[in-house]
A.B. asks: 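Shown below is the structure under consideration.
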Amino acid sequence: MYGVCGCCGALRPRYKRLVDNIFPEDPEDGLVKTNMEKLTFYALSAPEKLDRIGAYLSERLIRDVGRHRYGYVCIAMEALDQLLMACHCQSINLFVESFLKMVAKLLESEKPNLQILGTNSFVKFANIEEDTPSYHRSYDFFVSRFSEMCHSGHEDLEIKTKIRMSGIKGLQGVVRKTVNDELQANIWDPQHMDKIVPSLLFNLQHVEEAESRSPSPLQAPEKEKENPAELAERCLRELLGRAAFGNIKNAIKPVLVHLDNHSLWEPKVFAIRCFKIIMYSIQPQHSHLVIQQLLSHLDANSRSAATVRAGIVEVLSEAAVIAATGSVGPTVLEMFNTLLRQLRLSIDYALTGSYDGAISLGTKIIKEHEERMFQEAVIKTIGSFASTLPTYQRSEVILFIMSKVPLPSLHHPMEMGRTGENRNRLTQIMLLKSLLQVSTGFQCNNMMSALPSNFLDRLLSTALMEDAEIRLFVLEILISFIDRHGNRHKFSTISTLSDISVLKLKVDKCSRQDTIFMKKHSQQLYRHIYLSCKEETNIQKHYEALYGLLALISIELANEEVVVDLIRLVLAVQDVAQVNEENLPVYNRCALYALGAAYLNLISQLTTVPAFCQHIREVIESRKKEAPYMLPEDVFVERPSLAAWLEGSQFPDQGLSPGHGSKSRES
């Protein structure tokens, strides 16, 4: 009987005998290296036998797994790895099928060590560049299984971390193996991206939470050189870096869905981090596709809570600034149009108190302060993105926003909201705030281009409105456009300095284009400044803005003719306070006198006409003694004591008009 068995063993195929010989009697001895070398040589010499070798190794491994002989399982996988690394013949495809079958068997096991072993073998296989294409290979199981491992909830923290890291490495291997192979199953299909991307984000998100509860670095073990979050981030960057133009949408959509499902827009820190990774990983020319995705998602969430919308807007702000350094493409006006539309919707929500325009049972009540926070986030985003645009695009955005500002019309009655606020007024304020954000820091050498007629007409028409807040925004917008040398902040305080050289003003000669602009629009500007000064609802901020506007016109746009016109304008404003046909309050009259004193003191030193300077200084000194309530140092303070000065007295004749001496008349 023994002879018969020996005879049968000798008749076994050579490849089976070579495979059997690599397994030692005691699995702890490991792979028999000399016999492994013989098997490798045989596989290289007879490549047609490679598929049979793989099938037999697979058979042995499945049997050993079933019998819990894990030592032999490890030996079988080591042998497979070595054969894969050594063989690149045309028959490799059939061998790979057996290999993947064995890896799948290990991944299906409940033993963490076997799962990790199978993953490591798959990663080695993924790094091999095959010489022959494969038409029928599928990685669907591996995507699903590796994604499942990324969400491991094992009781042991160390084992859970190892399984999750193996899952991430496995997904990275699948991506590397399939992303550039057109013959493989398309890894960019939604069915795969919907598993891969959330698995990576899950590890980014949850390890951050674990780190916040972890001990100090001194207590942390030295062996933890890498964690699932770092690995997941690296894998996500690699995935996005390989994405072609047509695949960006499928890669970004799962990110948006994950942030929605886990309510991660509200804290927004994680969402911003995710999109920074995305924007810095994709190719620059694809940036506008991400912006479009975010804009579409914002529209889709237009009825979500204000905190959610605010989170999306802030993420959009960060992404847009990064995208502006690459290519934003045709999405510039689309982005601003979407943001302005969301701004108008938010105003409606705040006024009506609901998303449907009427409050009924089951309607979600809207918190006004949250809507205001959302509106401020939108305005901030508009400003931050506009600041990155080139001048020509910024000009287009400015005109676009101004075209959306509703202007008062007799044919359009004002609609009243729940709180008594006017919808049109709130829209005007929000759009002007946005315009102010865009215009801040705007640099344009040609004022005709910066303030074209159609834009200036619409802007100045809002300057005549009764609403004090709107008028202030218009003045600040004009100041932003005119200030091209950064002098604005030097006129934030109204004063009568005896020497303006301490301001260190940057003054350039008025250009030919600026002269043409002033010839065309100066009278229109003067008229609106004059009418703005006469408004009874003006407060200190209005007078500060008017002073800044007059000063900047004098520095940026003034020639001799403009200077004379500005002096006449200020004297006319002073006459408004003196004659008082408008029945202005005492504070307003004092403010106009103080405004005139401050401006004429400035312009006299800029023009350096000795007689003019001397007269202005004499009148200011006279006012200091007899009428300090007509000087800015006493008027524009936190609590002006005008009543004490004016009690029982009339306004003295302390004007700065040319009627006060031949010297000023000559100047």
Side-chain angles (χ1 to χ4, degrees), residues 193 197-198 200-201 204-205 208 232-233 236-302 304 306-343 373-390 393-394 397 434 437-438:
M193 285 292 105
V197 174
L200 299 177
L201 295 179
L204 273 174
Q205 170 193 349
E208 279 186 347
E233 180 177 339
L236 183 60
R237 288 183 185 276
E238 182 178 342
L239 175 70
L240 295 166
R242 294 170 180 263
F245 182 87
N247 302 324
I248 292 292
K249 183 177 180 180
N250 289 344
I252 301 303
K253 187 176 180 181
V255 178
L256 300 173
V257 173
H258 182 84
L259 295 174
D260 285 343
N261 292 341
H262 294 271
S263 303
L264 294 172
W265 293 111
E266 217 163 309
K268 76 194 172 222
V269 176
F270 180 74
I272 289 174
R273 183 189 173 194
C274 286
F275 274 89
K276 280 187 174 181
I277 292 173
I278 291 170
M279 297 305 293
Y280 284 119
S281 300
I282 61 174
Q283 299 176 36
Q285 63 269 29
H286 299 160
S287 298
H288 68 281
L289 296 176
V290 180
I291 301 298
Q292 287 176 338
Q293 287 277 93
L294 281 167
L295 291 172
S296 299
H297 198 67
L298 180 60
D299 278 337
N301 283 272
S302 58
S304 298
T307 50
V308 173
R309 283 177 281 134
I312 298 174
V313 166
E314 294 204 28
V315 170
L316 184 61
S317 173
E318 296 283 347
V321 170
I322 298 171
T325 61
S327 170
V328 185
T331 60
V332 174
L333 290 182
E334 178 190 347
M335 177 177 177
F336 285 100
N337 191 34
T338 300
L339 291 174
L340 294 179
R341 182 169 63 250
Q342 291 296 325
L343 205 54
M373 288 173 58
F374 169 71
Q375 292 161 14
E376 292 299 326
V378 171
I379 292 169
K380 178 185 174 184
T381 299
I382 289 173
S384 62
F385 180 48
S387 65
T388 65
L389 296 176
Q393 280 190 324
R394 206 164 173 181
V397 170
S434 303
Q437 285 283 337
V438 176

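Hydrogens, waters and symmetry mates play no part in the numbers below; they use all other heavy atoms, side chains included.
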A.B. asks: The criterion is salt bridge (Lys or Arg N to Asp or Glu O under 4.0 Å); which residues satisfy it with Lys253, sequence neighbours excluded?
C.D. replies: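 For Lys253, no residue satisfies salt bridge (Lys or Arg N to Asp or Glu O under 4.0 Å) once neighbours in sequence are set aside.
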A.B. asks: How would you list, by chain and number, every residue that makes a side chain to side chain contact (heavy atoms under 4.5 Å, CB included) with Ser296, sequence neighbours excluded?
C.D. replies: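 Testing Ser296 for side chain to side chain contact (heavy atoms under 4.5 Å, CB included), a comparison that skips the adjacent residues, returns none.
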A.B. asks: Grab the two heavy atoms, one from Leu389 and one from Gln393, that are nearest each other, plus how far apart they are.
C.D. replies: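 So the two residues come closest at CD2-OE1, 3.5 Å.
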A.B. asks: What do the steps show when you test Leu294 against Phe275 for side chain to side chain contact (heavy atoms under 4.5 Å, CB included), and what is the final call?
C.D. replies: CA-CA 10 Å; Leu294 281 167; Phe275 274 89; 3.7 Å; yes
A.B. asks: Could you pull out the closest heavy-atom pair between Ser434 and Ile379, with the gap in Å?
C.D. replies: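 Shortest heavy-atom separation between Ser434 and Ile379 comes out as OG-CG1, 3.6 Å.
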A.B. asks: Taking Ser317 for its side chain and Val313 for its backbone only, find out whether a donor-acceptor pair lies under 3.5 Å.
C.D. replies: no
A.B. asks: Would you say Leu316 and Leu339 make side-chain contact, with heavy atoms under 4.5 Å?
C.D. replies: yes
A.B. asks: Let me see the working for Tyr280 and Arg237 under side chain to side chain contact (heavy atoms under 4.5 Å, CB included), right down to the final yes or no.
C.D. replies: CA-CA 8 Å; Tyr280 284 119; Arg237 288 183 185 276; 4.2 Å; yes
A.B. asks: Kindly compute the distance separating CD1 (Ile322) from CD1 (Ile278), expressed to the nearest 0.5 Å.
C.D. replies: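 Going from the CD1 atom of Ile322 to the CD1 atom of Ile278 covers 10.0 Å.
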A.B. asks: Evaluate the criterion salt bridge (charged side-chain N to carboxylate O under 4.0 Å, His left out) for residue pair Arg242 and Glu238; output intermediate values, then yes/no.
C.D. replies: CA-CA 6 Å; Arg242 294 170 180 263; Glu238 182 178 342; 3.2 Å; yes
A.B. asks: Looking only at non-hydrogen atoms, find the nearest pair between Ile277 and Ser281 and report the distance.
C.D. replies: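 Scanning both residues completely, I find the closest heavy atoms to be O-OG, 2.5 Å.
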A.B. asks: Side-chain contact test, heavy atoms from C-beta onward, threshold under 4.5 Å: evaluate it for Leu204 versus Arg273 and give yes or no.
C.D. replies: yes
A.B. asks: Could you please spell out the steps behind the side chain to side chain contact (heavy atoms under 4.5 Å, CB included) verdict for Val197 and Leu239?
C.D. replies: CA-CA 9 Å; Val197 174; Leu239 175 70; 4.1 Å; yes
A.B. asks: Does any non-hydrogen side-chain atom of Leu289 lie less than 4.5 Å from one of Ile252?
C.D. replies: no
A.B. asks: For Leu298 and Arg309, which heavy atoms make the closest approach, and how far apart are they?
C.D. replies: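 For Leu298 and Arg309, the tightest heavy-atom pair comes out as CD1-O, 4.1 Å.
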A.B. asks: So which atom in Phe374 and which in Ala310 form the shortest heavy-atom distance, rounded to 0.1 Å?
C.D. replies: CD1-N, 3.5 Å
A.B. asks: What distance separates Leu340 CG from Leu333 CG, expressed to the nearest 0.5 Å?
C.D. replies: 10.0 Å
A.B. asks: What distance separates Gln437 CD from Lys380 NZ, expressed to the nearest 0.5 Å?
C.D. replies: 9.5 Å
A.B. asks: Nearest heavy-atom pair of Ser287 and Pro284: which atoms, and what distance?
C.D. replies: OG-O, 2.9 Å
A.B. asks: Does a side-chain heavy-atom distance below 4.5 Å link Met335 with Ile382?
C.D. replies: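 A side-chain contact is absent here, since even the closest heavy-atom pair is not under 4.5 Å.
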A.B. asks: CE/Met279 to CG/Leu240 distance, rounded to the nearest 0.5 angstrom?
C.D. replies: 11.0 Å
A.B. asks: After noting the C-alpha distance and the side-chain angles of Gln342 and Asp299, does the key distance pass the side chain to side chain contact (heavy atoms under 4.5 Å, CB included) rule?
C.D. replies: CA-CA 8 Å; Gln342 291 296 325; Asp299 278 337; 3.0 Å; yes
A.B. asks: Within the distance-only criterion (no hydrogens, no angle test), does the side chain of Asn301 pair as donor or acceptor with the backbone N or O of His297 below 3.5 angstrom?
C.D. replies: yes
A.B. asks: According to the interplanar angle, ranging from 0 to 90°, do the rings of His288 and Phe245 count as parallel (below 30°), tilted (30 to 60°) or perpendicular (above 60°)?
C.D. replies: tilted
A.B. asks: To the nearest 0.5 Å, how far apart are CG in Leu259 and NZ in Lys268?
C.D. replies: 14.0 Å
A.B. asks: If we only count heavy atoms from C-beta on, is the Leu201 to Leu264 side-chain gap below 4.5 Å?
C.D. replies: no
A.B. asks: State the CD-CD1 distance between Glu266 and Ile312, to the nearest 0.5 angstrom.
C.D. replies: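 The distance works out to 11.0 Å.
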